[in-house]
Visitor: 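Sharing a structure, written as structure tokens. Questions coming.
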Amino acid sequence: MEQLKKIIQELTISEEDKALIFQQIKAVEKTIAIAEFKYNRTVLDKAAITNVLNASIQEIEKQKKDIEAAKNEISQNLIELDAQKKLIEEKNIALNKAINKLKSTQTQLIQAEKMASLGELTAGIAHEIQNPLNFVNNFSELSKELIGEMNEELAVGNWQLAKEIAGDVEHNLEKINHHGKRAADIVKGMLQHSRTSTGLKEPTDINALADEYLRLAYHGFKAKDKSFKAQFKTDFDPNLPKINLVPQDIGRVLLNLINNAFYAVKAPPPPKGGIKETQSEYKPLVIVKTSHLPPSGGMRGACLISVADNGNGIPDSIKDKIFQPFFTTKPTGSGTGLGLSLSYDIVKAHGGELKVDSQEGIGTVFSVILKNKVL
């Protein structure tokens with residue numbers, strides 16, 4: 001540009017033309033400068049963009065590797081999860097088998113408990129059946145003699161006396177029928193106690209049910225131990241309505257509570273210093289009581305059955321354990337430890353409550369509360 005300016009300066013042209021040419025040259029220089037600036041900037045931008053792109057490519061490659069590593073890790077985790085899933089499935093199968101086996105064992109234990117209690121009842125059942133059978137035999141023999149006398153009177157034409165004798169025979173047959181039904185009811189109750197519960201509820205006379213199991217349990221203890229001495233009393237509410245329940249199930253509850261009561265009073269009297277020290281002689285006593293609780297809370301009322309004994313009582317240290325399965329204070333071989341646990345479950349299944357109140361040296365009271373819903 002400087003050489004071009006010198007050449008123009010030497011030209012023989014007017015100064016105005018020279019000024020105009022120099023002005024155009026300046027414009028060209030400016031345009032060139034701008035073009036150079038843009039070019040340089042473009043080169044710099046291109047380098048920067050290239051660096052950014054290279055960095056981005058490197059970052060993408062790194063992320064790609066990280067993703068591949070994560071993918072491999074996920075695949076490995078999926079393999080491990082699949083293995084764990086199979087292991088869990090195998091454990092579930094084993095657990096279900098164990099649960100089914102446990103249920104089967106529980107059923108067998110419950111049945112064993114029922115048969116054990118039935119075994120305890122056997123002597124009492126034999127005693128209770130013997131009484132009506134004795135009546136049946138006695139009235140049968142007496143009726144046989146009366147029929148012989150009636151035939152004799154008929155033979156001589158004494159129709160009036162024969163008719164009176166026939167009336168006596170009819171009366172005896174009614175007695176035979178009554179005591180025969182009594183024996184049949186005892187056998188029926190024994191069969192109901194031994195078989196699996198149907199779960200069907202029916203209106204039940206609680207007083208009759210409690211009285212029957214009380215006497216069966218008492219005579220069972222007497223038959224097993226001739227030296228067993230205990231009194232039992234009943235205090236039944238005569239106005240107690242029938243309760244809708246499963247009789248063989250509640251029967252098992254009553255039998256268990258009554259057997260426990262007799263077992264408690266069979267134990268040695270409490271040591272000196274207890275409340276019974278004031279008595280001249282310890283007299284074992286079991287009381288079975290029923291009463292009708294007044295309606296409350298939308299209920300028609302409730303039936304309270306209590307089994308009380310004046311045994312040694314239950315120590316405070318084990319009161320919280322007595323309803324646990326397999327817990328027993330009896331010697332090995334004398335109990336399964338399922339009686340109270342099953343009784344608790346049965347009462348609960350009836351929507352009722354099973355409570356205990358016991359004091360050492362005084363005695364124990366088990367209370368069964370069975371509620372009736374408004375129909």
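All heavy atoms count here, side chains included; hydrogens, waters and symmetry mates do not.
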Visitor: Check Pro203 against Asn244 and note the closest heavy-atom contact, atom names and distance.
Guide: N-OD1, 3.5 Å
Visitor: From Leu209 CG over to Thr290 OG1, what is the distance, rounded to the nearest 0.5 angstrom?
Guide: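 Leu209 atom CG to Thr290 atom OG1 measures 11.0 Å (nearest 0.5 Å).
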Visitor: For Ala261 and Val307, work out which heavy atoms get closest and say how close.
Guide: CB-CG1, 3.9 Å
Visitor: Nearest 0.5 Å please: distance from the CD1 atom of Ile165 over to the CD atom of Gln160.
Guide: 11.0 Å
Visitor: If you count the non-hydrogen atoms of other residues, nucleotides and ligands that lie under 6.0 Å from NZ in Lys289, is the total more than 12?
Guide: no
Visitor: Is the number of heavy atoms from other residues, nucleotides or ligands within 6.0 Å of NZ (Lys348) greater than 12?
Guide: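 At most 12 heavy atoms, drawn from other residues, nucleotides or ligands, come within 6.0 Å of this atom.
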Visitor: Ignoring hydrogens and angles, tell me if any N or O in the side chain of Asp309 forms a donor-acceptor pair with the backbone of Phe262 under 3.5 Å.
Guide: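 No, because the side chain of Asp309 does not come within donor-acceptor range (under 3.5 Å) of the backbone of Phe262.
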Visitor: Taking the inter-plane angle between the rings of Phe228 and Phe221 on a 0 to 90° scale, is it parallel (under 30°), tilted (30 to 60°) or perpendicular (over 60°)?
Guide: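 Tilted.
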Visitor: Measure the spacing between CG of Leu340 and CG of Asp345 and express it to the nearest 0.5 Å.
Guide: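 Leu340 CG to Asp345 CG: 11.0 Å, rounded to 0.5 Å.
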Visitor: For residues 358-368, tabulate all N or O donor-acceptor pairs below 3.5 Å that involve a side-chain atom, not counting sequence neighbours.
Guide:
{"residue": "Ser358", "atom": "OG", "partner": "Ile314", "partner atom": "N", "Å": "2.6"}
{"residue": "Ser358", "atom": "OG", "partner": "Gly363", "partner atom": "O", "Å": "3.3"}
{"residue": "Ser358", "atom": "OG", "partner": "Thr364", "partner atom": "OG1", "Å": "2.7"}

Visitor: Can you name the side-chain hydrogen bond (donor to acceptor under 3.5 Å, both in side chains) partners of Ser227, sequence neighbours left out?
Guide: Asp225
Visitor: Tell me the closest heavy-atom pair linking Val288 and Ala210, and the distance in Å.
Guide: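 Minimum heavy-atom separation between Val288 and Ala210: CG1-CB, 4.1 Å.
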Visitor: Test side chain to side chain contact (heavy atoms under 4.5 Å, CB included) on Ile206 and Ile305; report intermediate values, then the result.
Guide: CA-CA 8 Å; Ile206 290 293; Ile305 312 166; 3.6 Å; yes
Visitor: How about Asp320: does its CG atom have over 12 heavy atoms from other parts shown lying under 6.0 Å from it?
Guide: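 No, because the 6.0 Å sphere around CG of Asp320 holds 12 heavy atoms or fewer from other groups.
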Visitor: Compare every heavy atom of Arg252 with every heavy atom of Asp249, then report the nearest pair and how far apart it is.
Guide: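 That would be OD1-NH1, 2.8 Å.
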Visitor: Using side chain to side chain contact (heavy atoms under 4.5 Å, CB included) as the criterion, point out the one residue from Ile250, Leu354, Asn256 that pairs with Ile346.
Guide: Ile250
Visitor: Can you see which heavy atom on Leu245 is nearest to which on His350, and at what distance?
Guide: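 Closest pair (atom of Leu245, atom of His350, distance): CB-CD2, 3.5 Å.
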Visitor: Which atom pairs, one a donor and one an acceptor, fall under 3.5 Å between side chains of residues 137-153 and the rest of the protein, sequence neighbours left out?
Guide:
{"residue": "Asn137", "atom": "ND2", "partner": "Leu133", "partner atom": "O", "Å": "3.3"}
{"residue": "Asn138", "atom": "ND2", "partner": "Asn134", "partner atom": "O", "Å": "3.1"}
{"residue": "Ser140", "atom": "OG", "partner": "Val136", "partner atom": "O", "Å": "2.6"}
{"residue": "Ser143", "atom": "OG", "partner": "Phe139", "partner atom": "O", "Å": "2.7"}
{"residue": "Ser143", "atom": "OG", "partner": "Asn172", "partner atom": "ND2", "Å": "3.3"}
{"residue": "Asn151", "atom": "ND2", "partner": "Ile147", "partner atom": "O", "Å": "3.3"}
{"residue": "Glu153", "atom": "OE1", "partner": "Asn158", "partner atom": "ND2", "Å": "3.1"}

Visitor: Can you tell me how far the NE2 atom of His171 sits from the CD1 atom of Ile176, to the nearest 0.5 Å?
Guide: 10.5 Å
Visitor: So, do Leu285 and Ile287 sit near enough that their side-chain heavy atoms are less than 4.5 Å apart?
Guide: yes
Visitor: Heavy-atom count around Tyr344 OH within 6.0 Å, excluding the residue itself: above 12?
Guide: no
Visitor: Within this structure, what is the CG-CG distance for the pair Leu102 and Leu95, rounded to the nearest 0.5 Å?
Guide: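 Output value for this atom pair is 10.0 Å.
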Visitor: Is the side chain of Thr204 donor-acceptor paired with the backbone N or O of Glu202 at a distance under 3.5 Å, no angle test?
Guide: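 Yes, Thr204 side chain to Glu202 backbone: donor-acceptor pair under 3.5 Å.
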Visitor: With heavy-atom distances below 4.5 Å as the criterion, would you say the side chains of Lys229 and Lys283 are in contact?
Guide: no
Visitor: Can I get a per-line list of side-chain donor-acceptor pairs under 3.5 Å for residues 75-86, giving both atom names and the distance, sequence neighbours left out?
Guide:
{"residue": "Ser75", "atom": "OG", "partner": "Lys71", "partner atom": "O", "Å": "2.9"}
{"residue": "Asn77", "atom": "ND2", "partner": "Glu73", "partner atom": "O", "Å": "3.3"}

Visitor: CG/Leu304 to NZ/Lys355 distance, rounded to the nearest 0.5 angstrom?
Guide: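 Output value for this atom pair is 9.5 Å.
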Visitor: Taking all non-hydrogen atoms of both residues, which atom of Val265 and which atom of Pro284 are closest, and how far apart?
Guide: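 Nearest heavy atoms, Val265 then Pro284: CB-CB, 3.6 Å.
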Visitor: For residues 230-240, tabulate all N or O donor-acceptor pairs below 3.5 Å that involve a side-chain atom, not counting sequence neighbours.
Guide:
{"residue": "Asp237", "atom": "OD1", "partner": "Asn239", "partner atom": "N", "Å": "2.9"}
{"residue": "Asp237", "atom": "OD2", "partner": "His292", "partner atom": "N", "Å": "3.3"}

Visitor: Do the side chain of Ser104 and the main chain of Asn100 share a donor and acceptor less than 3.5 angstrom apart?
Guide: no
Visitor: Pairs of donor and acceptor atoms involving the side chains of residues 57-65, under 3.5 Å and at least two apart or interchain, shall be tabulated with distances.
Guide:
{"residue": "Glu59", "atom": "OE2", "partner": "Gln63", "partner atom": "NE2", "Å": "3.4"}

